[in-house]
Trainee: 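Just passing along the structure, written as structure tokens.
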Number of protein chains: 2
Amino acid sequence: MEGRINRIKKQLHAQKYKLTPQREATVRVLLENEQDHLSAEDVYLLVKEKAPEIGLATVYRTLELLSELKIVDKINFGDGVSRYDLRREGASHFHHHLVCIECGSVDEIQEDLLGEVEKVVERKWHFKVKDHRLTFHGICHRCLEKHEEENRLNKEKEFEKEPEKV
Amino acid sequence: MEGRINRIKKQLHAQKYKLTPQREATVRVLLENEQDHLSAEDVYLLVKEKAPEIGLATVYRTLELLSELKIVDKINFGDGVSRYDLRREGASHFHHHLVCIECGSVDEIQEDLLGEVEKVVERKWHFKVKDHRLTFHGICHRCLEKHEEENRLNKEKEFEKEPEKV
DNA sequence: TCAATTAAGTATAATCATTTTCAAATTATA
DNA sequence: TATAATTTGAAAATGATTATACTTAATTGA
Ligand SMILES: [Zn+2]
Ligand SMILES: [Zn+2]
Ligand SMILES: [Zn+2]
Ligand SMILES: [Zn+2]
């Protein structure tokens, strides 16, 4: 954690920005909730718990700054709010997302699935890829398992009835 | 065009919705600007030219309805507005986009690039893919060509100077 | 050190896209 | 035709984000 903060501090300094206490508090919240996909409001409320004097505008500005420096990625899942996702250290590409249309969960795929696809795009469309956004919408493994379980139970019921019919 | 409208009409009727004059006008604008990526406001202004009495709220409602029926896809390129994209007839998947970070243009890729990737996602992450959003950010072929042209001209200049130096 | 400059922060107001409300108009149903 | 249900348009409300005005903290350089 501290190492990570220090490296982010260096990234800021490299662009003549300071890691002020408010910015540090914001970064800490992002680090502590790395697997989540927090909106600016979410971040604000979490930062407030530790640094109650911070303003919402500062959080927005900090997130915008971190976005510009590619420390966080801004992403929108179609619910009207931007969400901020810490870029994994050493990651050359923005990770992918699995959005469940049943339970609303958002899972991540860190593995790069687009290497070949990007080669095709560069060759065939003459487009120099710098970044990407890939989101799948569908049914997550938890919901799929739930369905299987329900099917199993239903079949059992069917089975109980069968003998009566025969 | 008329055939396309009729098929959309049937899709609406199948779900007990009517193709009112306002809805038809909206669909026509989408058809006439199929290669664009119009915002609700854009659609509103274009519809107004032909049906000046229409209200913005009606356009929003119509676009929302068409979204639900999968006749249009709603997409967000990160500029704070939703854009509405007619789904191509017979297309099983939402097409992909190339957003140029230099000139802002948005090009489309109709070809399905994710077939293999989706198989991997289903197998490895146990996620049942229903839809996807794939956008590449980078430099479009027009801007790349412009750069090449500039480089060529610069080299020519260099070449002109060379003799003086020698 | 200390005044001057600059960067960053806060609170509030403004903006802008989108949604909601509600009365009027249209269309379907009995 | 009367009645109910759907759809619309105008205006108001909402909610996320950005801009403004002022304050505070940090930096600079005599
Ligand atoms: Zn789920
Ligand atoms: Zn993520
Ligand atoms: Zn371009
Ligand atoms: Zn498109």
Side-chain angles (χ1 to χ4, degrees), chain A residues 8-9 11-29 37-69 71-85, chain B residues 8-30 37-69 71-85:
Chain A
I8 289 173
K9 191 173 184 173
Q11 283 180 269
L12 284 168
H13 287 167
Q15 309 284 327
K16 307 288 175 215
Y17 293 112
K18 291 170 260 189
L19 184 64
T20 63
Q22 291 89 339
R23 286 176 182 166
E24 182 172 336
T26 304
V27 170
R28 278 183 192 279
V29 162
H37 296 87
L38 304 175
S39 66
E41 184 82 27
D42 295 336
V43 173
Y44 172 63
L45 293 175
L46 288 167
V47 173
K48 266 209 144 207
E49 289 177 9
K50 294 183 182 170
E53 71 294 343
I54 201 169
L56 178 57
T58 301
V59 171
Y60 268 102
R61 276 187 299 244
T62 300
L63 292 171
E64 191 56 37
L65 177 62
L66 295 172
S67 265
E68 275 167 28
L69 300 189
I71 294 165
V72 308
D73 286 298
K74 193 172 174 179
I75 190 168
N76 190 304
F77 293 123
D79 61 349
V81 293
S82 292
R83 296 177 181 280
Y84 298 84
D85 216 348
Chain B
I8 289 172
K9 190 173 184 173
K10 276 188 195 126
Q11 284 180 267
L12 284 168
H13 287 167
Q15 310 284 325
K16 308 289 175 212
Y17 293 111
K18 291 168 258 191
L19 184 66
T20 63
Q22 292 90 336
R23 287 174 182 167
E24 182 172 336
T26 304
V27 170
R28 278 184 193 279
V29 162
L30 292 173
H37 296 89
L38 304 174
S39 67
E41 184 83 28
D42 294 337
V43 173
Y44 171 65
L45 292 174
L46 288 167
V47 173
K48 264 208 148 218
E49 290 176 9
K50 295 180 179 172
E53 71 294 342
I54 201 169
L56 178 56
T58 301
V59 172
Y60 269 102
R61 279 187 293 239
T62 301
L63 292 171
E64 190 56 36
L65 177 61
L66 295 172
S67 265
E68 274 167 30
L69 300 188
I71 294 166
V72 308
D73 286 299
K74 194 174 177 179
I75 190 167
N76 190 303
F77 293 123
D79 61 349
V81 295
S82 292
R83 297 180 178 279
Y84 298 85
D85 216 348

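Within every chain, numbering begins at 1; the chains are lettered A, B, ... in the order of the sequence lines, protein sequences first and strands thereafter.
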Trainee: Only counting residues at least two apart or in another chain, list the ones meeting salt bridge (charged side-chain N to carboxylate O under 4.0 Å, His left out) with B:R83.
Mentor: B:D42, B:D79
Trainee: Check the distance between C:dA7's C1' and A:L65's CG and give it to me in whole angstrom.
Mentor: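 The answer, rounded to whole Å, is 12 Å.
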Trainee: Students often get this wrong, so: under 4.0 angstrom with heavy atoms, is A:E53 touching a base, only sugar-phosphate, or nothing?
Mentor: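 The residue A:E53 makes sugar-phosphate contact but no base contact.
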Trainee: Measure the distance from OH on A:Y84 to C1' on D:dT17 and round it to the nearest whole Å.
Mentor: 8 Å
Trainee: Does a distance-only test, which skips hydrogens and angles, find a donor-acceptor pair under 3.5 Å between the side chain of B:R61 and the base of D:dG9?
Mentor: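 Flag set: donor-acceptor pair detected.
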Trainee: What integer distance in Å separates B:Y60:OH from D:dA12:C1'?
Mentor: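 Computing the B:Y60:OH to D:dA12:C1' distance gives 15 Å.
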Trainee: On DNA chain C, compare the nucleotides closest to B:S39 and A:K16; which residue's is nearer the 5' end?
Mentor: A:K16
Trainee: Choosing from D:dG9, D:dT6, C:dA17, which nucleotide comes nearest the side chain of B:K18?
Mentor: D:dT6
Trainee: Counting C-beta onward and ignoring hydrogens, is there a side-chain heavy-atom pair between A:I71 and A:V27 closer than 4.5 Å?
Mentor: no
Trainee: Among the nucleotides C:dA17, C:dT27, C:dA11, which one has an atom lying closest to any side-chain atom of A:A57?
Mentor: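 Within the option list, the nearest is C:dA11.
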Trainee: With sequence neighbours left out, which residue pairs that include part of residues 48-57 of chain A fulfil the salt bridge (Lys or Arg N to Asp or Glu O under 4.0 Å) condition?
Mentor: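 Salt bridge (Lys or Arg N to Asp or Glu O under 4.0 Å) check on residues 48-57 of chain A returns A:E32-A:K50.
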Trainee: Of B:Y44 and B:R23, whose closest DNA chain D nucleotide lies nearer the 5' terminus?
Mentor: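 Checking each residue's closest nucleotide, the 5'-ward one belongs to B:R23.
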